[in-house]
Peer 1: 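Below are the structure tokens for one structure; questions will follow.
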Amino acid sequence: MNHTIKSFTRADIAPCTELYVNVFNAKPWNEEWSYEIAEERLRDLYMTPKFCGLTLYDGKNPAGFIGGNKKQTPQGVVFYIAELCIARPAQGQGAGSVLTDALEEKLRLEKVSGIYLITSRDGPAERFYLKNNYVLNNNRIIMKKNF
């Protein structure tokens, strides 16, 4: 894969929105994202205070992106991954690992002390993160309340 990694900018929102819809509306996620809702999600993410994101381009087309934001804690600054999206043809080809490695390198240089994320249990995303040396955090649980 011939790829280029760059910082996620406002100009990346439109091409990454198209990528997001194509990826998450297909197997194994089978979600129902409209372009407009996905665009709002990525625009909101980009506008989040302390946002940090990277895009992976294969030529002129985005092959993936990762983004989230930094938060201060008593133990130092941590990073929360909000989105990782890899084009279907690039999945299983190392693109996700390239992006997470680049993000981790950038965050280490910025003295970030750790990374957190939320993902589905027993799915391809959990397997990906475990393969890339992420571990389950036994000190945290995810809770929700529907309205």
Side-chain angles (χ1 to χ4, degrees), residues 1 3-26 28-58 61-88 90-145:
M1 172 189 241
H3 57 268
T4 303
I5 297 175
K6 65 181 199 73
S7 290
F8 189 107
T9 66
R10 184 180 298 274
D12 293 311
I13 293 172
C16 287
T17 296
E18 189 171 323
L19 174 64
Y20 192 89
V21 170
N22 289 336
V23 168
F24 290 110
N25 284 355
W29 293 276
N30 298 314
E31 296 177 344
E32 297 178 0
W33 290 94
S34 69
Y35 182 91
E36 294 75 21
I37 292 172
E39 180 182 43
E40 181 177 350
R41 183 178 181 102
L42 295 187
R43 190 175 52 249
D44 288 350
L45 175 60
Y46 178 76
M47 298 302 292
T48 302
K50 300 182 183 179
F51 169 78
C52 177
L54 298 174
T55 55
L56 178 71
Y57 276 86
D58 185 9
N61 299 316
F65 66 91
I66 190 168
N69 66 308
K70 298 178 214 170
K71 293 185 181 182
Q72 184 66 52
T73 72
Q75 293 76 34
V77 176
V78 297
F79 186 80
Y80 287 82
I81 295 175
E83 296 293 345
L84 172 59
C85 181
I86 303 297
R88 290 179 21 220
Q91 291 175 12
Q93 306 300 310
S97 296
V98 166
L99 266 176
T100 56
D101 289 349
L103 177 68
E104 290 168 17
E105 181 179 331
K106 177 178 174 43
L107 295 175
R108 274 190 209 95
L109 292 172
E110 295 173 0
K111 306 293 187 221
V112 172
S113 63
I115 298 174
Y116 291 89
L117 61 96
I118 298 172
T119 193
S120 300
R121 290 187 194 268
D122 302 322
E126 180 185 15
R127 288 189 297 276
F128 166 80
Y129 285 114
L130 290 171
K131 180 187 87 167
N132 281 277
N133 300 316
Y134 286 70
V135 296
L136 299 176
N137 184 330
N138 294 327
N139 297 325
R140 301 284 187 265
I141 62 169
I142 298 171
M143 299 178 73
K144 78 175 212 175
K145 182 176 186 178

Peer 1: Which distance, rounded to the nearest 0.5 Å, do you find between the CD1 of I37 and the OG1 of T17?
Peer 2: 12.0 Å
Peer 1: For the atom pair CG (L42) and CE (M47), what is the distance rounded to the nearest 0.5 Å?
Peer 2: 13.5 Å
Peer 1: Tell me if the CZ atom of R43 is crowded by more than 12 foreign heavy atoms within 6.0 Å.
Peer 2: yes
Peer 1: Let me confirm one number: the OG1-CD1 distance from T119 to I81, rounded to the nearest 0.5 Å.
Peer 2: 10.0 Å
Peer 1: When the ring centroid of F8 is compared with that of F51, is the distance short of 6.0 Å?
Peer 2: yes
Peer 1: Are a donor atom and an acceptor atom from the side chains of N69 and Y46 found within less than 3.5 Å of each other?
Peer 2: no
Peer 1: Calculate, to the nearest 0.5 Å, the distance between atoms CD1 and CG belonging to I5 and L56 respectively.
Peer 2: 5.5 Å
Peer 1: Run through E110, K111, K70 and flag the one making a side-chain contact (heavy atoms from CB on, under 4.5 Å) with V77.
Peer 2: K70
Peer 1: Determine the minimum heavy-atom distance between P28 and P124, stating which atoms define it.
Peer 2: CG-CG, 3.5 Å
Peer 1: Measuring from atom OH of Y129 to atom CG of L117, what distance do you get when rounded to the nearest 0.5 angstrom?
Peer 2: 5.0 Å
Peer 1: Does the side chain of E31 pick up a donor-acceptor pair with the side chain of W29 at under 3.5 Å?
Peer 2: no
Peer 1: Are the side chains of V21 and V23 in contact, using a 4.5 Å heavy-atom criterion?
Peer 2: no
Peer 1: Do K106 and C52 come close enough that some side-chain heavy atom pair is under 4.5 Å?
Peer 2: yes
Peer 1: Taking all non-hydrogen atoms of both residues into account, name the closest pair between T55 and C16 and its distance.
Peer 2: CG2-SG, 4.0 Å
Peer 1: Which atoms form the tightest heavy-atom contact between K131 and S97, and what is the distance?
Peer 2: NZ-OG, 4.0 Å
Peer 1: State whether the number of non-hydrogen atoms from other residues, nucleotides or ligands found under 6.0 Å of L109 atom CG is greater than 12.
Peer 2: yes
Peer 1: Work out which heavy atom in L19 is nearest to a heavy atom in A63; give both atom names and the distance.
Peer 2: CD2-C, 4.1 Å
Peer 1: Heavy-atom count check: over 12 atoms from other residues, nucleotides or ligands less than 6.0 Å from Q72 CD?
Peer 2: yes
Peer 1: Among side-chain atoms of Y20 and E39, is any donor-acceptor pair under 3.5 angstrom?
Peer 2: no
Peer 1: Measure from NZ or CZ of K71 to the centre of the six-membered ring of Y80, then state whether that distance is under 6.0 Å and the direction lies within 45° of the axis.
Peer 2: yes
Peer 1: Between D122 and R127, does any NZ, NE, NH1 or NH2 come within less than 4.0 Å of an OD or OE carboxylate oxygen?
Peer 2: no
